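Okay, structure first, notes after.
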Amino acid sequence: MKVVKFGGTSVGSGESIRCILNILQQKNSSGEKFIVVSSAMSGITNLLTELAQTASTGNDYKSGLTEIEQKHFAVVKEMIEVKNQNPVFTQIKIFINELEDLLQGVYSLRELSLQSKDLILSYGEKCSTFLLSQIARQYFAESMFVDATQLIKTDSNFGNAKVDIPRTEEIIREFVSSHKEKMLFVTGFIASNDENRTTTLGRGGSDYTAAIIGAAVEAKEIELWSDVDGMLTADPRVVKKAFSLSELSYTEAMELSYFGAKVIYPPAMIPAFGKKIPILLKNTFNTEFQGTRVQECIEKTPYPIKGISSINEISLFNITGSGMIGKIGFSGKLFSLLAREQINVILITQSSSEHSITFAIEPKDMAKARALFHSEFELELETNKLNPPIIEEHLSVLAIVGENMKQTPGISGKLFHALGRNGINIHAIAQGSSEYNISVIIKRKNISKALNTVHDAFFKELTKTLHVFSIGTGNIGSTLFEQIQKQSSFLRENNDIEIKVAGIANSRKMLINEDGIELNQWKDLLDQQGETASLEEFVNRIKLLNLSNCVFIDNTASPVPGKFYHQLFESNVSVVTCNKIANSSSYKEYKLLKDTARRRGVDFFYETNVGAGLPIIRTLKDLMTSGDRILKIEAILSGTISYIFNNFTGDASFYDVVKKAQELGFTEPDPRDDLSGKDFMRKVMILARDAGHTTEEKDVKLGAILPESCIAASSVDAFYEELKNSDAYFNDLKEKARKENKVLRYIGKLEDGKASVNLEMVDSSHPFYNLSGSDNIISFTTERYKFNPLVVKGPGAGAEVTAAGVFADLINVGAS
Ligand code: ADP
Ligand code: ASP
Ligand code: MG
């Protein structure tokens, strides 16, 4: 024998009832015996609650009642043969009329007791289960409708009645054995007290009904059919990556459901656990799914936790004061008081100094809890032994659950790290001594982000999603999008990283789509769907969306975006930038950005500020963090200047080389922007800062390449004229170098904390002697690399390598 329970969504429409019929037919044809339990149609219990409330405040409930009638009638019309419809319509109409009388009574009295409310709610299950039994009768003649108020006996705690298990089991057993030939369709959720008044078992209570019946008849299994693939690692409506679990222990299922995984009602575990009856969570709409099995012995899984659940709206009640210290029985008194008044305490934490107790309750109970506290502890409050309670509202509980957590160190560390990194503050923490559950209390507005973040952290084998907001759609920006698009499946398969570009902006337009912008048509989408660009608005939207693992990418050369980095860090967004303006502004600004990123636990990556995609910043950082000491850095960090001096050999004149460089597109429109050495100098300054110095622009000694006359020329043409006139000057330099077997190199240097950029002559023993093309080169002389410096060399400019550097930074976000 099995008990098969169908939830509200499974009986919500003709179409879903057809799925139920298929399931029952299959069971029947395989000779299985079963009892069916059914909830009210989805949404009906809520609607009835609303109607009862509406009636009690003297408002019109009639249209709601018609809606209920229509919903059931529509299913009758769709699912029952015309010739058999009349008696079904009649019975439903009788139920609706009874309901109307009750609501009219509430309306007239302007009073809604818990007792009347239970009676009103019971019609949801009565209508749906009756209807289901009548539909089923067309296929199974032995179908029989059973009102559970006949079977389940409870106390008179209306709204959440306690079942008298021994008596109920006896009644059920007797009833079932005297209806052996029948296929029973029993109403979930409802029961009755000694005086046969209708009671209910708490919201979601149909699961409990099924478990009670299952335990009474010692069923082989209790099947709960819903609209999801069993119990998932998190609520699938919030966490898209949640996946189905094949097994859970009773305790795990209890903890997950107690903390919000609605797919089972927690008390349902008790009768099943008592008789060791497995509960199988199945999906009415996907019968292929094997189900989540809740049972005593389960296999170990590779994950440290089983799942994450949450209660979305709770309030915290904080009590502090010396009156609690060492006072035996204080907590006992407090919590029995709350229990007496039916206030459900969701979670409790107490500091070890006993100076404070914090507990979480539902917001609806707060006023009552506060009043109780004030009246019960009036004396203590007056004598300042207790402080007035502090109430915190709009909070949520997030709980991670799993038996594997037991005695596994580092679980809470991982939880707190994941939350901290995403800027989610924890208001309180509770861990049950069972170690099956760690709960944290956070702000309600962060719950969705928190669930996703924590899910990513604990189910690492799953893909981590980076949400990218990228500004600048020039060469580098568009090359980056191409690279991301090309690499996306590789990254997903090999690195478990999914990159969602959730926002793109340039100076004209911006587009945001939290599900990810299609990168193969980003240009058209930005053009057609983009709004007028406003960086401020773009940043605000990033903050409002509050997505997990957010990265802002600045691929512009504008001074404006840098002004937003600080607030982005404060909102726990990482920044990746090839724009060096922020890092080369004042040291104070640079320091503030670095410190803020560190404090907020997010990343600030700017590898491409120096030498494009070459691993220069990263190498420097690795040397420093591994405890090496930088003695000297020498570098050529301008591709243009590198090209010019590498080719200023033999008979070539300086003028010819510069001209050629310009023709090849290696220079800025005005070559003096390169030859002034300013850009190079900023790169040296960033390196000096990263090496731990407080270098400002004025501290870097910048030696000139060009004679004064070239610098002073009023136009690019005039500059070239002057350059030609200066041939002798450059030739002299070249000759002088040649005579000493040296070459000219424009070199940036950091030594003893002093930064400079100078035109120098180097001999063949110097690593820069043989440089060719437009390569960049940097050599680090350190305590460890003292006699043979560490050299990084390669192309240091170009959209392709710069975008690749930005890309590498991006996928490193969150890696440490
Ligand atoms: P029924 O009416 O069938 O009893 P419920 O609405 O009571 O169904 O519960 C099923 C719902 O529980 C799912 O639709 C899902 O949105 C929600 N849910 C929350 N957390 C989880 C979870 N961890 N796994 C599965 N479902 C969950
Ligand atoms: N219909 C009831 C409710 O919505 C019971 C249930 O669905 O399990 O709470
Ligand atoms: Mg339910």
Side-chain angles (χ1 to χ4, degrees), residues 2-11 23 35-40 42 45 125 148 152 160 163 165 186 188-190 200-215 219-239 242-286 289-296 298 305-312 344 346 397 399-403 434 436-437 439:
K2 283 190 182 174
V3 177
V4 186
K5 175 251 164 179
F6 294 97
T9 47
S10 306
V11 290
I23 294 163
I35 298 171
V36 178
V37 173
S38 170
S39 298
S42 61
T45 312
E125 264 68 11
I152 300 179
N160 199 1
V163 178
I165 292 286
V186 186
F189 182 52
I190 63 175
T200 60
L201 306 179
R203 292 303 306 270
S206 299
D207 299 341
Y208 191 26
T209 308
I212 293 166
I213 298 176
K220 202 169 110 222
E221 210 165 64
I222 299 159
E223 293 182 356
L224 305 181
W225 291 76
S226 184
D227 62 342
V228 268
D229 281 350
M231 177 74 84
L232 284 92
T233 46
D235 187 340
R237 288 168 302 184
V238 187
V239 179
F243 58 91
S244 300
L245 296 161
S246 54
E247 276 190 331
L248 283 172
S249 70
Y250 291 109
T251 325
E252 287 172 335
M254 174 82 109
E255 294 279 343
L256 277 170
S257 53
Y258 178 71
F259 283 95
K262 218 181 128 198
V263 69
I264 325 186
Y265 181 52
M269 246 70 68
I270 300 164
F273 177 69
K275 297 242 164 106
K276 308 281 180 269
I277 303 171
I279 299 177
L280 195 62
L281 304 173
K282 297 274 287 175
N283 187 348
T284 307
F285 307 100
N286 177 20
F289 171 66
Q290 291 293 304
T292 301
R293 188 168 265 281
V294 182
Q295 59 190 4
E296 192 171 31
I298 52 163
I305 64 167
K306 272 286 163 57
I308 309 157
S309 54
S310 64
I311 303 177
N312 285 348
N344 179 33
I346 298 165
V397 185
I400 55 172
V401 170
E403 290 190 354
S434 64
Y436 291 155
N437 170 325
S439 304

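From a predicted model like this one, the values you see are computed outputs, not experimental measurements.
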Is any side-chain heavy atom of [Y] closer than 4.5 Å to one of [X]?
X    : Y    : answer
L245 : T233 : yes
K220 : I277 : no
K306 : I298 : yes
L280 : I222 : no
Y258 : I311 : no
F6   : T284 : yes

- Query: Under 4.0 Å between a Lys/Arg side-chain N and an Asp/Glu carboxylate O for R293 and E221?
  - Reply: yes
task: Answer yes when E223 and K5 have at least one side-chain N-carboxylate O distance shorter than 4.0 Å, and no when they do not.
output: no
Check for a donor-acceptor pair, side chain of [X] on one end and backbone N or O of [Y] on the other, with a separation under 3.5 Å.
X    : Y    : value
S246 : T292 : no
E252 : S249 : yes
S226 : G7   : no
S309 : F259 : yes
S439 : V397 : no
K275 : A215 : yes
K282 : G230 : no
E125 : A40  : yes

To the nearest 0.5 Å, atom CG of N437 lies from atom CD1 of I305 at 10.5 Å
Would you be so kind as to tabulate the donor-acceptor pairs closer than 3.5 Å made by side chains of residues 260-272, with sequence neighbours excluded?
residue, atom, partner, partner atom, Å
Y265, OH, L201, O, 2.7

Sequence neighbours excluded, the answer for ring pair (Phe, Tyr, Trp, His ring centres under 6.0 Å) partners of Y250 is F273
message: Assess the residue pair N286 and D229 against the criterion (side chain to side chain donor-acceptor pair (under 3.5 Å)); give the C-alpha distance rounded to whole Å, side-chain angles, the decisive distance to 0.1 Å, and a yes or no.
response: CA-CA 7 Å; N286 177 20; D229 281 350; 3.1 Å; yes
